[in-house]
Amino acid sequence: MMSVRSTFLAAAATLSLALASPAAAELPDNLRDEAVAGVDSRAKLVQEIVDSIFSFSEPGFQEFKTQEYLTGILAENGFTIELGSAGIPSAFTATWTNGTGGPKIALGSDVDGLLGLSQVPGITELRPQIEGGPGHGEGHNSGMAAMVAAALSVKDIMERENIPGTLMLWPGIAEELLATKAFFVREGMFEGFDACIFTHVGNGFGTSYGDSGGNGMVSVEYTFHGSSAHGAGAPWAGRSALDGVELMNTAWNMRREHLYPTQRSHYVITNGGGQPNIVPDVASVWYYFRERKFDSIRNLYETGNRIAEAAAMATDTTVTRRVLGYAAPQHGNKPMAELAQQYIEFVGMPEWTEADETFTRLAQEGLGRPVQPLTTEVSELRAPPEFSIGGGSDDIGDIMWAVPTITIRFPSNIPNMIGHHQTAAVAMATPIAHKGAVAGAKAVALTTLDLMMNPDELAEAKRYQQEVQFAEESYDPVLTAEDMPGIHLNKEIMERIRPEQEQFYYDPSKYDTYLDQLGIPYPPTGG
């Protein structure tokens, strides 16, 4: 008697003769339904993960409580944990293998928060939990919840059906700094893997392929070195490093007029000196240089380097630079995206309640945002834009050039919030966030299981990467073997704030949800 796996593979082989692409294959109904049920049975776990990571509110490179929490769950479920991936202490991989051989699929999502975006969830005004503290104003607290539930659902089926293969879960560390995934790739974390499925929070539900239309980026800090002197007594004896920083910034801002409109560049002065009556002997400025293609990113970076050197010459100082991160232009895998889109449409949007709709309206009104109901239809598969003037970046792009990869966006937030802002945090520990992550987990589980059971789909994904993606560009980051991750970033602020944060950590053993723990009604009273 043929196993379920053998029956499926035989049917898929026959079916593929009549299909334009192996991506049109489907799971047998019983396995499809079981994968969905496996996620549904873990809806409480999803809620607890979403709420817990929200309560930790850890910025890039400081995601240690998040690491401890997630690896504990995964280790209890039979995954092998390795900490400190690519020399990044808060990173990890969690790997589980069934049998011998089989596909190797990586599942990842970001986990870091943003500085200064602390926000009480479930309310309709801006109110930080900790004044000046970090928070999840992008919603990165939700993605790994979806990935864990998806992986555990797939694992159950693989074990019972004797499906060989490997699952690896990994968190995106310091994505808001665009500072780790290029190092993951450089250190070979995805070598030997056949596919990677990534998730990101949104207010819709869909995926895309090809060039995303966004920008790649290099993050670099320039440090000028001069000589100190009394600012009033003998300023001529000094050489101001801050003058070098300010002259670089002025020169860069003059150069903007003569750069392509696709570029995005911005900076902050990270060290401007000590006090006004001392000529600063050290000063630093941190730049993000963004452009559409590998060569234009490199050109923009080299332009910045020349301007820094010129500013140093003009101020009789010297300058050094340190690359802190890199993000390659994104290119999603088309066959994988087509496959995932089928399952996104099968899963459909969550069933929003009257309470969800009321909260959404009250939040939008209270925060001065355009009023728009929660999305009720999944998005169409998004093709590459015909033309783009550039935009944001995401270092998932680097992994897309290492292994066939897609991003599934799931609906855990509400429309018309401002990205990288407290408004984007208000819904991220509410039932909306929980339901959206469950929906995302189902799409990930179904896509992963299908790829595990159909080698033709993985072969088609690899062919697309080799013959289409690599025909357009080659992976060419400015990152060198000498560049090291900026693991020092955010350390001091977390050493200061973490003791205060601990009082806000979610305790699921005492409270059903984080809103319950905080005593926040849902929807807000009066709605």
Side-chain angles (χ1 to χ4, degrees), residues 60 109-110 112 114 117 137-140 143 172 174-182 198-220 252-253 255-268 286-301 303-304 324-334 337 369-370 375 379-401 405-411 413 415-421 423-424 469 472-473 475-478:
S109 195
D110 300 321
D112 57 322
L114 283 154
L117 298 190
E138 172 109 351
H140 285 177
E175 186 278 335
E176 302 295 3
L177 302 172
L178 297 163
T180 59
K181 296 187 184 77
F198 187 71
T199 58
H200 198 282
V201 63
N203 58 72
F205 196 10
T207 189
S208 61
Y209 67 88
D211 181 350
S212 71
N215 284 353
M217 192 210 76
V218 56
S219 165
V220 56
W252 183 263
N253 287 329
R255 184 62 181 269
R256 287 180 193 272
E257 179 184 359
H258 310 288
L259 298 172
Y260 287 107
T262 49
Q263 74 88 25
R264 304 285 191 277
S265 53
H266 18 270
Y267 58 83
V268 292
W286 183 8
Y287 270 80
Y288 281 7
F289 298 119
R290 306 183 196 247
E291 254 290 4
R292 290 277 293 117
K293 302 292 182 181
F294 286 104
D295 58 351
S296 55
I297 299 167
R298 184 178 292 276
N299 290 339
L300 203 65
Y301 169 58
T303 299
L324 295 174
Y326 184 82
Q330 296 177 61
H331 192 116
N333 188 272
K334 185 177 181 181
R369 305 303 300 155
T375 306
S379 304
E380 294 183 358
L381 178 63
R382 194 175 72 199
E386 293 184 7
F387 175 76
S388 172
I389 60 168
S393 312
D394 191 322
D395 56 359
I396 188 61
D398 292 85
I399 295 170
M400 288 173 164
W401 292 89
T405 301
I406 56 169
T407 296
I408 294 175
R409 292 188 172 269
F410 59 92
N413 214 324
N416 298 328
M417 297 295 104
I418 306 170
H420 291 195
H421 191 268
T423 58
Q469 180 179 350
E472 297 179 6
E473 287 191 273
Y475 185 57
D476 183 29
V478 305

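Since the model is a prediction, treat every value here as computed from it, not as a measurement.
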Original post:
Listed by chain and number, what are the side chain to side chain contact (heavy atoms under 4.5 Å, CB included) partners of Ala182, not counting sequence neighbours?
Top reply: Tyr326, Asp398, Tyr475, Leu479
Original post:
How far apart are the closest heavy atoms of Glu291 and Ser296, and which atoms are they?
Top reply: CB-OG, 3.4 Å
**OP:** Verify the distance criterion only: is there a donor paired with an acceptor across the side chains of Thr180 and Glu175 at less than 3.5 Å?
**Re:** no
Original post:
What residues form a ring-ring contact (aromatic ring centres under 6.0 Å, His included) with His258, not counting sequence neighbours?
Top reply: none
Subject >> salt bridge (Lys or Arg N to Asp or Glu O under 4.0 Å) contacts in which one or both residues fall within residues 206-217, not counting sequence neighbours >> reply: Asp211-Arg292, Asp211-Lys293
Original post:
Is there side-chain contact between Tyr287 and Ser219, with heavy atoms separated by less than 4.5 Å?
Top reply: no
**OP:** Output all residues satisfying side chain to side chain donor-acceptor pair (under 3.5 Å) with Thr375, sequence neighbours left out; order by chain, then residue number.
**Re:** none
**OP:** Work out which heavy atom in Gly137 is nearest to a heavy atom in Ala424; give both atom names and the distance.
**Re:** O-CB, 3.2 Å
**OP:** For the residue pair Trp286 and Tyr288, categorise the inter-ring angle as parallel (less than 30°), tilted (30 to 60°) or perpendicular (more than 60°).
**Re:** perpendicular
Original post:
With a 4.5 Å limit on heavy-atom distance, are the side chains of Leu178 and Arg290 in contact?
Top reply: yes
**OP:** Identify the heavy atoms of Met400 and Gln469 that sit nearest to each other, and give their distance.
**Re:** O-NE2, 3.1 Å
Subject >> Reported CZ-to-OG distance for the pair Arg409 and Ser379, which is rounded to 0.5 angstrom >> reply: 10.0 Å
Subject >> Test salt bridge (Lys or Arg N to Asp or Glu O under 4.0 Å) applied to Arg382 - qualifying residues, sequence neighbours left out >> reply: none
Subject >> Approximate separation, where rounding is to 0.5 Å, of Ile418 CD1 and Leu117 CG >> reply: 11.0 Å
Subject >> Minimum heavy-atom distance Pro385-Ser388, with the two atoms named >> reply: CG-CB, 4.3 Å
Subject >> Distance, nearest 0.5 Å, that separates NE2 of His140 from OG of Ser109 >> reply: 7.0 Å
Subject >> Sub-4.5 Å side-chain heavy-atom contact between Leu381 and Thr207 >> reply: yes
Original post:
Which atom names give the shortest non-hydrogen contact between Gln330 and Ile396, and what distance separates them?
Top reply: OE1-CG2, 3.7 Å
Subject >> Audit row: Tyr209, Asn333, side-chain contact (heavy atoms from CB on, under 4.5 Å) steps and yes/no >> reply: CA-CA 5 Å; Tyr209 67 88; Asn333 188 272; over 6 Å; no
**OP:** Not counting sequence neighbours, which residues clear side chain to side chain donor-acceptor pair (under 3.5 Å) with Tyr301? List them please.
**Re:** Arg321
Original post:
Phe289 versus Thr303: any side-chain heavy-atom pair under 4.5 Å?
Top reply: no
Original post:
Once you round to the nearest 0.5 Å, how far does CZ of Arg264 lie from CG of Leu300?
Top reply: 11.5 Å
Original post:
Do Ile406 and Phe198 come within less than 4.5 Å of each other through their side chains, counting heavy atoms only?
Top reply: no
**OP:** Measure across Ser393 and Gly216 and return the closest heavy-atom pair with its distance rounded to 0.1 Å.
**Re:** OG-O, 3.8 Å
Original post:
Hey, are the side chains of His200 and Asp394 touching, using non-hydrogen atoms and a 4.5 Å cut-off?
Top reply: yes
Original post:
Judged by atom type as modelled, is there a donor-acceptor pair below 3.5 Å linking the side chain of Asn416 to the main-chain atoms of Pro370?
Top reply: yes
Original post:
Does any non-hydrogen side-chain atom of Gln263 lie less than 4.5 Å from one of Asn299?
Top reply: no
**OP:** Would you mind reporting whether Trp401 and His331 have side-chain heavy atoms less than 4.5 Å apart?
**Re:** yes
Original post:
Roughly how far apart are Trp252 CH2 and Tyr267 OH, rounded to 0.5 Å?
Top reply: 11.0 Å
Subject >> Inter-residue atom distance Asn215.CG - Thr262.OG1, 0.5 Å rounding >> reply: 6.5 Å
